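Below, each value reflects all heavy atoms present in this structure, side chains not excepted, and no hydrogens, waters or symmetry copies. Along the sequence shown, residues are numbered consecutively beginning with 1. Quantities reported herein were computed from a predicted structural model and do not represent experimental measurements.
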Amino acid sequence: MICYSILGPFFPQEALKKGVSNTVIGLIFGCFAFFNFATSLTLGKHLVQIGAKFMFVTGMFVSGVATILFGLLDRAPDGPIFIALCFVVRSVDAIGFGAAMTASFSILAKAFPNNIATAMGCLELFTGMGFVLGPPIGGLLYESFGYETPFIVLGCIVLLMVPLNMFILPRYDAVPSKDSFWALLALPKVMLMCFTMISISTSLGVLDPTLSLFVIDKFHLKVVYVGLVFLGLALSYSLSSPILGLITDRFPGLRKWILIAGNLGSAFCFFLLGPAPIFHIESKLWMFVLMLVLDGFCIGLAGIPVYPEMLSCAYEHGFEEGLSTLGLVSGVFGATWAVGSFLGPTLGGYLNETLHFEWTAAIQGLFPLVAGILCAIYYLLEEKAKPKRANLEHEQLKPEKLMYTQEELTESLQIVPFIELYVGPQHCKVTTG
């Protein structure tokens with residue numbers, strides 16, 4: 001994650017020196033997410049055939065090599081050649097990153113099936129630490145040693161972790177299922193969780209090509225201090241994630257309301273990040289940092305419940321419990337994150353160039369606002385439908401007679417759920433729960 005977040009403080013300025021426009025800088029950030037999206041869907045579907053451990057280790061190796069190569073691009077000629085190489089190397093990095101992340105979600109969910117949100121929260125702690133450490137480390141190494149050093153150092157560290165994980169990670173074997181991405185995406189709750197995930201990742205992605213330029217221009221900060229500004233968002237997100245994961249595992253009924261509150265809170269933070277020109281509030285550094293800190297916490301609120309909600313929805317609708325379904329859910333989870341990570345930098349770069357940062361942040365705030373409203377409507381309708389569904393199940397469970405033949409019982413089991421059976425030699429007695 002440090003390799004992913006290291007570009008924010010200094011790459012936009014370095015790219016401008018190479019003759020790259022703000023829009024193209026946004027596309028360079030965004031192409032990472034596009035290939036991450038394609039990789040997550042493809043490899044998530046074939047996770048069982050490839051093997052989760054092999055996918056994770058290979059993805060780390062590819063990402064480490066690509067990170068080192070990206071550090072050598074300052075030697076490329078200015079203009080189209082530099083831009084083309086940025087796109088190629090960043091895309092290869094995205095493929096390795098997507099493979100490693102998709103496999104990691106599945107490995108965690110398989111290893112901790114009863115504490116998925118807690119495990120994901122712990123994972124997000126270190127994800128957040130990567131976002132926290134990436135910008136200041138990148139800014140410091142860039143200021144001290146130049147463009148190449150941050151990428152070479154971090155790429156080598158990633159490569160050193162490849163043999164380590166080869167020995168540590170367990171191997172999980174499973175049988176492929178017949179379930180598909182389309183069957184999963186056809187579920188209304190899964191579609192809603194996908195939109196929520198897109199809005200969250202867009203919120204983070206839109207800041208990559210825009211935040212450093214705004215802070216340097218507005219508050220006249222040095223590059224090394226720009227990295228510390230990124231710290232506010234990432235630190236609050238990473239520290240709150242394990243606690244939120246533990247809460248959502250202990251109290252599953254609170255997931256929906258935590259998710260709604262996180263989306264609406266994130267929208268509020270983006271409206272005041274600029275702040276939006278319609279509020280006529282002067283931008284202050286302390287308020288800017290405060291909104292980033294609150295936004296990091298709200299993104300954690302909205303993001304942590306998404307994976308367990310998607311997985312429980314899949315199981316409720318008949319998907320097989322096992323590594324194959326985990327691969328599907330992890331693929332969709334990673335792909336939707338990648339969609340937002342593509343839209344965020346691309347849209348952010350374009351809007352920042354045309355409308356400036358204040359309006360860019362305000363427009364971004366509409367995404368979590370819409371997601372929060374849709375989640376609220378869906379969950380309220382779901383709560384309203386529960387009594388009707390319970391009454392319907394109760395009517396279905398009422399036995400017409402006390403004794404059934406085995407043939408009658410076999411036929412009834414195809415349509416009537418939740419039946420306790422007391423098996424006798426020739427007949428079964430049916431009681432309803």
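No side-chain donor from either of Thr360 and Thr210 sits under 3.5 Å from a side-chain acceptor of the other. Of the N and O atoms on the side chains of Gln364 and Ser203, at least one donor lies less than 3.5 Å from an acceptor on the other residue. Side-chain contact annotation: Tyr142 with Thr149, donor-acceptor N/O pair under 3.5 Å absent.
When atom types are taken as modelled, the side chain of Ser236 and the backbone of Leu233 share a donor-acceptor pair closer than 3.5 angstrom. Side-chain N or O atoms of Lys53 include one that pairs as donor or acceptor with a backbone N or O of Met166 at under 3.5 Å. Under a 3.5 Å cut-off, the side chain of Thr248 and the backbone N or O of Leu244 do form a donor-acceptor pair. Under a 3.5 Å cut-off, the side chain of Ser63 and the backbone N or O of Met60 do not form any donor-acceptor pair. Side chain of Thr102 to backbone of Ala99: no donor-acceptor contact under 3.5 angstrom is found. In this structure, Ser238 contributes its side chain and Leu235 its backbone to a donor-acceptor pair below 3.5 Å. A side-chain donor-acceptor contact under 3.5 Å links Lys18 to the backbone of Ala76. Of the possible polar contacts, one joining the Ser283 side chain to the Gly274 backbone as a donor-acceptor pair under 3.5 Å is found.
Note on ring orientation: taking the six-membered ring where Trp is involved, the planes of Tyr307 and Phe333 are perpendicular (angle over 60°, cut-offs 30° and 60°). Using the six-membered ring where Trp is involved, Phe288 and Phe357 have ring planes that are tilted, between 30° and 60° apart.
Looking at residues two or more places apart in sequence or on another chain, you find a side-chain hydrogen bond (donor to acceptor under 3.5 Å, both in side chains) between Asp249 and Thr118. Checked against side-chain hydrogen bond (donor to acceptor under 3.5 Å, both in side chains), Ser241 has no partners two or more places apart in sequence or in another chain.
Taking the six-membered ring where the residue is Trp, the centroids of Phe32 and Phe97 are separated by under 6.0 Å.
Ion pairing between a basic and an acidic side chain is recognised when a charged N comes within 4.0 Å of a carboxylate O; Glu309 and Lys256 show no such pairing.
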